[in-house]
Structure formats: C-alpha cells, structure tokens
Participant: 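Mind having a look at this structure? Questions to follow.
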Amino acid sequence: MHRCILRGLRFEDSVVLSSCIRQQRIADKKWTVSLRSRPCHSIHSWISPSTTVRWQPLTHFVSARAHHLTQSKCMSAARRKRLPSAFPVIDGGLNPIVNHVFELNLRNSLVCQDRYLKYKAQVQKGGGDNATLRHTQRNKKLLVRERLRRLLDDEDYLELAPFAGLGLPYGDIPSAGCLTGIGKINGLWCVFIANDATVKGGTAYPITVKKQLRAQDVAMQNRLPCVYLVDSGGAFLPLQSEIFPDKNQGGRTFYNEAIMSALKIPQVAIVCGSCTAGGAYIPTMAEETVMVHRIGTIFLGGPPLVKAATGEEVSPENLGGATLHAEVSGCVDHFSAVEQDSFESTRNIISTLNFELPEEGEEDGAIEAPLHSADDLMGLAPKTYHHSLDAKLIVSRLTDGSKFQEFKGRYGTTLLTGFAKIEGQLVGIVASNGELTYEASLKGTHFVTLCDQRDVPLVFLQNTAPEPGMTLSTHKAEANTNRLKAQGSMMSAVACASVPKITVVIGGCHGADSYAMCGRAFDPNFLFLWPNARVSLVAPGCSEALVPEEEEAARLDNKLEEESCAFFSSGRLWDDGVILPQDTRKVLSNCLKIIKQQEYQISKERQRTPLLRL
C-alpha cells in the first residue's frame, strides 16, 4: 500500500487525503492541489487534473516520522532533570533505653539468619551429588546456575522464591525444580525461567508450575522480556490432578505466553535438554527459539512411547533433535552446536529488542548512602510484635542520606507515611508503626491516593497487629466500626492505585490489617519477607481470642508456630522470597529499576495480536 505525500502538506493533512484517495481509482494522471484556502472536506474540492502528486511507500514515510518523533522524545528526555530534594534527615539514633529490645531482636535475627543460610545451601545443591554427576558427566550438560552465569551479564541477579518447594506434603523439591528471577542480558532486565534437571529430572510438580506462573506474572506486570531455559521431562503424573486441569495450573503457562506476545513482551526459549509432552509448547510458542545439538529435544512422546505404539525404534535426535527442528519442521529458529553458542545466540537476540536504555549513571546522579549501618536492621527486625521499635529507625537505614519527608507526622502516628529516595529513585513509604487505627487508616488512604496522583511508586513495610481487637464495650464497638470503615477505604485506595507497589514484611503479616498494607492478595509487584517474619491469621500465642478451650488453643498455637514461619510461607510461594534485612535497600533499588525499565521500550502499544509461528 502507498500513501500520497503532497509537497508542502502537513502529516495530518496527508493522512486525511490518503484516506480519501483510497476511495477513488487514481490512474496515471496529473492532479492539482489547492489546500491553503480550502477546508479538508472532500477530495474533489482539492484535486483537479493539472498538478503533480509525489508518491512514496507508506513504510518509508511512517518510519521516517517515527524516527523523528523518537529523536525528539530522547532529546527532550535528556534535557529533563528531576526536582532537587530537600528532605530533612530523620533521627535514626538508637536510644539507650531500648538497647535490651535491640539485643533481643538481634539474637533472634542471628538464629533466623543461620536458618536462612542452611536452607540456601540446601537448595543450591539441587538434586544432590549423584544427580549432579549424572547431569554433567553422563548427559554432558551444564548445571542450571552455570547456564545463568554464562547467559547473564553478571551474577548480581534478583532470584525469586529460592526456597519454594521446601517442606511440602509430597517432599522437598529444592527451588521447586526451577530457578526464576530477573537479571541483565546486554544491559536489559529480563525474567528467566530455568529448569533444574538435577531435581527429579526436571519433572514439573504442582509447586513448579506455580513458580513458573508467578515468574510470568512478574514479566507481564512489569513488561519484562522473558527467557525460558527448558530442560524438563514433563509433568509428574502421580500428581496430575494438581498440575493439569484447573485454571491456574499447567495450561496457564501457554495461555500466558500467547498473552505476553500480544502485549509485545518479548519471549525467547533455549532448548538445552529434554522438552517433552506439554512442555514442548513452550519453545514453539516463544517468539524466537534456540536449540542445542545432541542435547535439546522436542517431542510430545519420546522414543519409548513410539516403540510401545508402533514397534519402531528411533533415536531421540532423529525423533526431535535440533537438526530435525532447525532444517525440517522449522520449530526452532537458531541451531547451536554447543550450549555456549546458545547463550551467545540468545544475547544477540536480546540486543535486537526495541529498547533505548539510559546511559549508566545518567539518571542516578550522586547517590547518598544512609547515615546508619544496614547491619543495624538485624536488631530492628522484631522478634515479636511487642518487640517492635520505631519504624523511623528502619526507614533511616534504607533511604538516601537517611532523609525522609514525613506526611501527616502528628496524625495517626501508628502508621508512618512520607516521601524518600532509594538510590536516587523517589518513593512513597507506608510503614507500620503500631495498630492500624481509624486515624492511621484515613492517613494511609490519603497518602496512597496522593502517590497515585503523582505517579510515585509505593513501598510498604508491613508489621501488623498479631490478633484482632476485642470488643468489650459500646465505645469500643463504635471505634472498631469506624476503624473497619476507614480500613475499607484504605484497602480500596491500595487496590485501585495504578502505581507500582513493593511490600516487605518486616515483622507480622496478620489478619485483615495486612490487606490494607498491600499483602499478597492485593497484587504488589514484588513481596518479600525478612527471616523473622510471621504470616498467619493470628500470631502464635494469640489464639485464645478465637478458641476458648485451653487444650485446643495450645494445639492451635503449635500449628501456628510451625505454619506462620517465613520459610513455611516461602516454601509455598506466598511471597517472592526471603531476604536478609541488611540486603533490603539493594533489593528495593533493583526492583524499582526493573519496574522503570518499561518506560524505555519503544514499541509498547498493547495490540492484542499474538505472534503466529509457521
């Protein structure tokens, strides 16, 4: 198709004119155009057979126009400068009167840190020594962490839910049998989903599917490119009822792939191992696929099934190897002789994506470190709700220069709200500083709405009350009713806020208060726990309010003690992982940068047209 571009004609006028011309059959004639004094009503009022019209391909003109607009946009962006911040420094000094609380919290945090390190060492072993030897020596494949080391720019990536799969009813599945996270490839933040074939041969368990779906949700919510490193033997059939039939089970992976493609979220698959049964759709639905010779295979049913069905013996390479799919079926786009080539090929593919990233340090400028040590957060992480210290002490160890512009500082003081910067990025902070009262909820509603109005990302530091408030008088009943209404308003504000939200559970995540503080059900972009955190309806030791019988209350407390633990929660993927308190600032900074990357994607119109592979 061509569009008529007239000399001296504005872009908008040429679009209108071309629309009119499409309704006419224009032969090789000469036309006259007189537009200066006539409105754009009809082609007949413009054109008479005596003036020359210059024709050019539509793609030529539109691409030139787009290039001009992009250049203008980039130049204006380069000229922009953030408003200088003059936030006051908050007092982060520790009062000697609370030293005993600090010491008690510190001892508890050290115990929690030891548990964290023990579980970390356990999941990094994958399926164990025998499975590792079989994977590397007999199958001649790289371990999943080595694959990531070669694919990503560096090892400083954000791993999601590393403890998922521990302590489940059907046994321990280290890291749920797959590694997911966000790392940089050629300077671009990308989600990765990498099967670990040393864990049960890469078999997909229910927790594996849940973890992969969460990674896809992160990619969609933050518009991040997604890379799949496929090495899986398919679903674990004894648990098929928990893997196959329901909405948020196995088939949702492929649905998400199609939706992500329609949203112009790039997806690349590397087939570096077995890709059997339903898993075979992952590479065939990705936009570009790389396959490794003599290691990668794609088929719905492997050689044993072929022999059982037809009696024919066939090798995996002839049935679904890289040569077959690269030369005959066309299921893959790039052939790699060895694994290292596949990672280089993938990095080259990522470099073709339509992003324009800022120069290193261009946006951050000079970043001020907090005035207080991040190690102090170990003593500020509460052992219990009743050992919580002022939330300002925590904020002062997370923000640039320990600066914080407090909002409504004298009202609803059990909730801390205000603005700060984390490694140069402006955020609104909402931190629990006691019970979420009526006044605190109104204050929270006001502040969340304000941040949404100004497009400021929100960071929630959650530590909610361990038990529901008792109603012992008419006055208390009225107060509870008012609080319920105010909390409902805050929940609505949090749910409807369109800005990015990041939640860190620094203490307790209990009851309905956790919803207003952007718990998992309120869909934050990321949610992390400190090792000391507790996640339950009520905290251990507070069940007497719900169960009057002493024996039953003791039994319930034991259950709550076990099930409220941060590692129990993370093992079931109720969060995006457990992080050490001293790493919180770095994690928050990376999350904010990851979320912001979508601003640099040039082709981001959300056209609902999925990629159709041949």
Side-chain angles (χ1 to χ4, degrees), residues 123 126-128 131 134-135 139 141 144 147 160-161 163-180 191-217 219 226-260 267 269-286 289 291 295-309 316 319-321 325 331-332 571-573:
V123 300
R134 184 167 59 249
H135 183 86
N139 298 333
K141 295 193 288 188
V144 64
R147 286 170 173 168
L160 298 177
F163 303 130
L166 295 184
L168 298 180
Y170 45 81
D172 283 341
I173 314 295
S175 288
C178 70
L179 268 65
T180 64
V191 169
F192 60 80
I193 301 174
N195 295 113
D196 185 355
T198 68
V199 180
K200 317 291 185 183
T203 304
Y205 284 75
I207 193 67
T208 312
V209 174
K210 186 176 181 181
K211 186 171 180 178
Q212 291 173 343
L213 292 179
R214 172 58 188 158
Q216 288 182 316
D217 285 342
C226 189
V227 178
Y228 304 88
L229 286 81
V230 190
D231 188 357
S232 170
F236 183 64
L237 288 179
L239 293 175
Q240 65 83 30
S241 64
E242 299 176 48
I243 296 173
F244 169 71
D246 206 355
K247 175 183 175 181
N248 288 317
Q249 292 179 356
R252 193 72 178 187
T253 306
F254 317 125
Y255 173 86
N256 285 346
E257 275 197 81
I259 295 300
M260 288 162 71
Q267 297 168 92
I270 308 174
V271 182
C272 46
S274 178
C275 196
T276 309
Y281 291 105
I282 290 176
T284 54
M285 292 183 70
T289 299
M291 194 168 181
I295 290 180
T297 55
I298 301 176
F299 34 58
L300 290 176
L305 288 180
V306 173
K307 184 175 181 181
L319 182 62
H325 286 305
C331 281
V332 303
R572 284 150 182 79
L573 263 170

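Atoms considered below: every heavy atom in the structure, side chains included; atoms not considered: hydrogens, waters and symmetry mates. The first residue in the sequence is number 1, and the count goes up from there.
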Participant: For the CG atom of L229 and the CZ atom of F192, what is their distance to the nearest 0.5 Å?
Facilitator: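 Nearest 0.5 Å value for the CG-CZ distance: 9.0 Å.
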Participant: Between the side chain of K210 and the main-chain N/O of R572, is any donor-acceptor distance below 3.5 Å?
Facilitator: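 At least one qualifying donor-acceptor pair exists.
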Participant: Do you know the tightest heavy-atom contact between P283 and V271?
Facilitator: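 Shortest heavy-atom separation between P283 and V271 comes out as CB-CG2, 3.7 Å.
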Participant: Is a side-chain donor or acceptor of S232 paired with a backbone partner of G234 at a separation under 3.5 angstrom?
Facilitator: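 Side chain of S232 to backbone of G234, a donor-acceptor pair under 3.5 Å: yes, one is there.
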Participant: Is the backbone of C178 close enough, under 3.5 Å, to the side chain of K211 for a donor and an acceptor to pair up by distance?
Facilitator: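 Looks like yes, one N/O pair under 3.5 Å.
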Participant: Looking at every non-hydrogen atom in both residues, tell me the closest pair between L573 and A161 and how far apart they are.
Facilitator: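 Taking every non-hydrogen atom into account, CD2-CB, 3.3 Å.
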Participant: Would you mind reporting whether N195 and Q212 have side-chain heavy atoms less than 4.5 Å apart?
Facilitator: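 Sidechains of N195 and Q212: in contact.
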Participant: Quick one, I193 and C226 - any side-chain contact, counting heavy atoms below 4.5 Å?
Facilitator: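 In short, these two side chains touch, coming nearer than 4.5 Å.
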Participant: Measure the spacing between CG of L168 and CD1 of I173 and express it to the nearest 0.5 Å.
Facilitator: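 Reported value, rounded in 0.5 Å steps: 7.0 Å.
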Participant: Counting only heavy atoms not in F254, do more than 12 sit closer than 6.0 Å to its CZ atom?
Facilitator: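 Enclosed.
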Participant: I need the N248 CG to T253 OG1 distance, nearest 0.5 Å.
Facilitator: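 Going from the CG atom of N248 to the OG1 atom of T253 covers 10.0 Å.
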Participant: For a 4.5 angstrom cut-off between non-hydrogen side-chain atoms, does M291 reach I298?
Facilitator: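 Yes, side chains in contact.
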Participant: How far apart are the C-alpha atoms of H135 and D231, what are their side-chain angles, what is the distance that settles it, and do they pass the side chain to side chain contact (heavy atoms under 4.5 Å, CB included) test?
Facilitator: CA-CA 11 Å; H135 183 86; D231 188 357; 3.5 Å; yes
Participant: Tell me, do L319 and T297 make a side-chain contact under 4.5 Å, heavy atoms counted?
Facilitator: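 They are not in contact (no side-chain heavy atoms under 4.5 Å apart), so the answer is no.
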Participant: Hey, does the side chain of Q249 reach the backbone of D246 with a donor-acceptor pair shorter than 3.5 angstrom?
Facilitator: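 Yes, because the side chain of Q249 sits within donor-acceptor range (under 3.5 Å) of the backbone of D246.
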Participant: Look at the side chain of Q267 and the backbone N and O of E257, then say whether any donor-acceptor pair between them is shorter than 3.5 Å.
Facilitator: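 Yes.
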Participant: Side chains of residues 197-206: which donor-acceptor partners sit under 3.5 Å, not counting sequence neighbours?
Facilitator:
residue: T198; atom: OG1; partner: G127; partner atom: N; Å: 3.1
residue: T198; atom: OG1; partner: D196; partner atom: OD1; Å: 2.7
residue: T198; atom: OG1; partner: D196; partner atom: OD2; Å: 3.4
residue: T203; atom: OG1; partner: K200; partner atom: O; Å: 2.5

Participant: Mind checking the OG-NZ spacing from S274 to K141? Nearest 0.5 Å is all I need.
Facilitator: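 The distance works out to 7.0 Å.
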Participant: Checking the side chain of T208 only, and the main-chain atoms of A176 only, is there a donor and an acceptor separated by less than 3.5 Å?
Facilitator: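 A pair under 3.5 Å: yes.
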Participant: If only atom types and distance count, is the side chain of R147 paired as donor or acceptor with the main-chain N or O of C272 below 3.5 Å?
Facilitator: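 Yes; judged by distance alone, with no hydrogens or angles, the pair exists.
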Participant: I need the minimum non-hydrogen distance between G126 and P174, along with the two atoms involved.
Facilitator: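 Shortest heavy-atom separation between G126 and P174 comes out as O-CG, 3.5 Å.
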Participant: Taking the side chain as C-beta and beyond, is there a heavy-atom pair between L300 and Y281 under 4.5 Å?
Facilitator: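 Counting from C-beta outward, L300 and Y281 do come under 4.5 Å.
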Participant: Atom CG of L213 and atom CZ of R252: how far apart are they, to the nearest 0.5 Å?
Facilitator: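 It comes to 8.0 Å.
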Participant: In Å, rounded to the nearest 0.5 Å, how long is the span from CG of N256 to CE of M285?
Facilitator: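 Between N256 CG and M285 CE, I get 9.5 Å after rounding to 0.5 Å.
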